[in-house]
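Here's the structure, in structure tokens; my notes come after.
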Amino acid sequence: MSEHNIVLSEHDIARLINGEEVSTKINGEKVTIRQSYMKDAAADILVRKMRVMNTVSNTFEY
């Protein structure tokens with residue numbers, strides 16, 4: 001079984017955080033990476049060192 005790694009730049013991560021998509025090709029097939037349209041059923045219980053903050057509402061996104 002082959003393994004693929006998708007490496008994202010800081011720009012790509014910023015695009016995902018802001019609701020955009022990132023596309024790439026793997027073996028000639030287009031692969032789109034995006035945030036899920038569904039909210040997680042349970043809250044994230046991990047205390048993370050880095051968190052994303054919504055600077056418009058001054059709230060943490062996760």
Side-chain angles (χ1 to χ4, degrees):
M1 182 166 72
S2 63
E3 180 179 314
H4 302 287
N5 291 310
I6 299 173
V7 179
L8 301 174
S9 68
E10 289 181 11
H11 176 72
D12 293 336
I13 293 169
R15 289 179 63 191
L16 292 173
I17 289 169
N18 286 288
E20 298 177 48
E21 297 179 344
V22 175
S23 296
T24 189
K25 285 195 174 194
I26 297 177
N27 294 334
E29 274 189 63
K30 181 180 176 183
V31 176
T32 302
I33 304 161
R34 62 167 176 79
Q35 183 177 4
S36 174
Y37 296 132
M38 305 273 301
K39 283 282 192 187
D40 291 330
D44 189 354
I45 61 171
L46 297 176
V47 177
R48 299 184 187 274
K49 180 179 167 185
M50 304 276 190
R51 296 175 69 190
V52 176
M53 176 173 256
N54 182 334
T55 58
V56 174
S57 63
N58 287 326
T59 59
F60 287 108
E61 296 298 318
Y62 67 89

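The residues of the chain are indexed from 1 along the displayed sequence.
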Under 3.5 Å, sequence neighbours excluded: what are the donor-acceptor pairs made by side chains of residues 17-32?
unit_1: Asn18; atom_1: ND2; unit_2: Ala14; atom_2: O; d: 2.8
unit_1: Glu20; atom_1: OE1; unit_2: Arg15; atom_2: NE; d: 3.4

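- Judged as a side-chain hydrogen bond (donor to acceptor under 3.5 Å, both in side chains), and not counting sequence neighbours, the contacts of Ser9 are Asp12.
- By the side-chain contact (heavy atoms from CB on, under 4.5 Å) test, Ser57 is found to be paired with Asn54, Thr59, residues two or more places apart in sequence or in another chain being considered.
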